Protein chains: 2
Amino acid sequence: MQRRGSTAVESNTWGSVRERLRERGLRWTPQRRNLVEVLARTDGHITGAELVARCRVADSATTPSTVYRTLDVLEELGVLQHCHGVDGREEFHVMPASEHGHLFCKACGGTWDIDDAEASALLGALRDDRDFVADLSHLTVVGRCRQCAEVATRG
Amino acid sequence: MQRRGSTAVESNTWGSVRERLRERGLRWTPQRRNLVEVLARTDGHITGAELVARCRVADSATTPSTVYRTLDVLEELGVLQHCHGVDGREEFHVMPASEHGHLFCKACGGTWDIDDAEASALLGALRDDRDFVADLSHLTVVGRCRQCAEVATRG
DNA sequence: GGGGTTGATGCAACGAGTTGCATTTGCCAC
DNA sequence: GTGGCAAATGCAACTCGTTGCATCAACCCC
Ligand SMILES: [Mn+2]
Ligand SMILES: [Mn+2]
Ligand SMILES: [Zn+2]
Ligand SMILES: [Zn+2]
């Protein structure tokens, strides 16, 4: 089986992006291919600025506006999600092992995942009381962790 | 009782700002006084950019960096808090009637407050399970409200 | 393969916010 | 009132991200 130049992207989700775009009358361009290849090699959380930098490795002519617009499109396609870091900046989730929210300690900068079970207390209450379906993967909770609370109390 | 030029700010919290600054060795400047006067006239949520604009009404020479730095100081003094709008931008709470979190519908842009009782489900779980003290006033939950969920299902 | 449609790109200008640094000034002690 | 110290200001430069618009090119149809 011979490998042609334009078929390097694989791995379920990413391999289907071209098709998902076409279904909506959208186009598969070299710039989008470059970004998708970068995303396919990434996991965890990553900012737009960092994605621009990584795209520039393969294509030094990469333009921020194109990357940000493509990220919007990929999120609409549902192959990507974002949340907000403790400073409010967008961070993109690339293929999380499982859906999760985010817990930040504003004192030590520590960060933890909030899983479905843990979040169901709030999310379930909102759903039952208001029929409001909250987005766990977009959730960021900020506060003070055990260690930092202890330090503050002792101080 | 004669009113002197520098005693216009009143109303409990705002009137005490000068004193709170001095306790920490910080200074009461015309720029800070202007911002505090603007804040005393404001309620609800407001962005930094909007506060800069309002400060400029009284002092057209207002500089953004000074305003943003003063907002940081006021937040450290505890006379101000911020949360994040649906786009992640900081919004300052000025004297809320009661502490609350924020609920956003990403479809219709609707927004609601989350009160203490409603949030205690999640916040209590985090406290019990992890000794994590979450900050309700910083909390923003995004999702889809009842009406928007119905529309999506029907469509 | 060639042509036309329309979505995508690149660019330039802009807005929001941050930071380092030289200068100014509030505040306190005398 | 005067002087000195340290905090605050203003400015310029910068980062990150967004938007309008002219140009380009992916895709579809023949
Ligand atoms: Mn914040
Ligand atoms: Mn968001
Ligand atoms: Zn901590
Ligand atoms: Zn809605």
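Chain letters run A, B, ... following the sequence lines, proteins first, then strands; residues in each count from 1. Bear in mind that the values here come from a model prediction, so they are computed numbers and not experimental data.
Distance CG (A:Leu35) to C1' (C:dA8): 14 Å, rounded to an integer number of Å. In this structure, CZ of A:Arg33 is placed 17 Å from C1' of C:dA8, rounded to the nearest angstrom. Put simply, CZ on A:Arg27 is 12 Å from P on C:dT5, counting in whole angstrom units. In this entry the distance linking CZ of B:Arg24 with C1' of C:dC27 reads 18 Å, nearest Å. Rounded to whole Å, the distance from OH on A:Tyr68 to P on C:dT9 is 15 Å. The CZ-P distance, from B:Arg56 to C:dG15, rounds to 11 Å in whole Å. The separation between A:Arg32 atom CZ and C:dG10 atom P is 11 Å, rounded to whole Å. Atom CG in B:Leu51 sits roughly 13 Å away from atom C1' in C:dG17 (whole-Å rounding).
Each of B:Gly25 and B:Thr63 lies near DNA chain D, and the nucleotide nearest B:Gly25 is the one positioned closer to the 5' end. Take the nearest nucleotide of DNA chain C for B:Leu26 and for B:Ser65: the residue whose nucleotide is more 5' is B:Ser65.
At a threshold of 4.0 angstrom between heavy atoms, the contacts of A:Thr47 with the nucleic acid are absent.
Listed candidates were C:dC27, C:dA8, C:dC28. Nearest to the side chain of B:Arg22 is C:dC28.
The side-chain hydrogen bond (donor to acceptor under 3.5 Å, both in side chains) test applied to B:Asp131 returns A:Arg146, not counting sequence neighbours. Shown here are the side-chain contact (heavy atoms from CB on, under 4.5 Å) partners of A:Asp43, two or more places apart in sequence or in another chain: there are none. With sequence neighbours excluded, the residues satisfying side-chain hydrogen bond (donor to acceptor under 3.5 Å, both in side chains) with B:Gln81 are B:Ser137.
Between the side chain of A:Asn34 and the main chain of A:Cys55, a donor-acceptor pair closer than 3.5 Å is present. Under the 3.5 Å distance criterion, the side-chain polar atoms of B:Arg144 are left unmatched by any main-chain donor or acceptor of B:Ala149. At least one donor-acceptor pair closer than 3.5 Å links the side chain of A:Asp115 to the backbone N or O of A:Ala117. Remark: side-chain polar atoms of A:Thr70 are paired, donor with acceptor, to backbone N or O of A:Thr66 under 3.5 angstrom.
For DNA chain C, no neighbouring residue in residues 85-94 of chain A is found when judged by any heavy atom under 4.0 Å. Interface residues of residues 69-84 of chain B facing DNA chain D, ordered by number: B:Arg69, B:Thr70; criterion, heavy-atom separation under 4.0 Å.
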Legend entry - A:Leu21/A:Arg32 under side chain to side chain contact (heavy atoms under 4.5 Å, CB included): CA gap, chis, key distance, verdict: CA-CA 10 Å; A:Leu21 287 168; A:Arg32 290 182 172 179; 4.1 Å; yes
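For A:Thr29 and C:dT9, the shortest distance from a side-chain N or O to OP1 or OP2 is below 4.0 Å. Distances shown here put a side-chain N or O of A:Gln31 below 4.0 Å from the OP1 or OP2 atom of C:dG10.
Between A:His138 and A:His82, the two ring planes are perpendicular [angle over 60°; tilted spans 30° to 60°]. Using a 30° and 60° split on the angle between ring planes, B:His93 and B:His100 fall in the parallel class, below 30°.
Reading DNA chain D from its 5' end, the first and the last nucleotide to sit under 4.0 Å from a heavy atom of chain B are D:dA6 to D:dC11.
Side-chain contact between B:Thr140 and A:Thr140: absent, with no pair of heavy atoms (C-beta onward) separated by less than 4.5 Å.
Atoms CH2 and CZ, from B:Trp14 and B:Arg20 in turn, are 9.0 Å apart once rounded to the nearest 0.5 Å.
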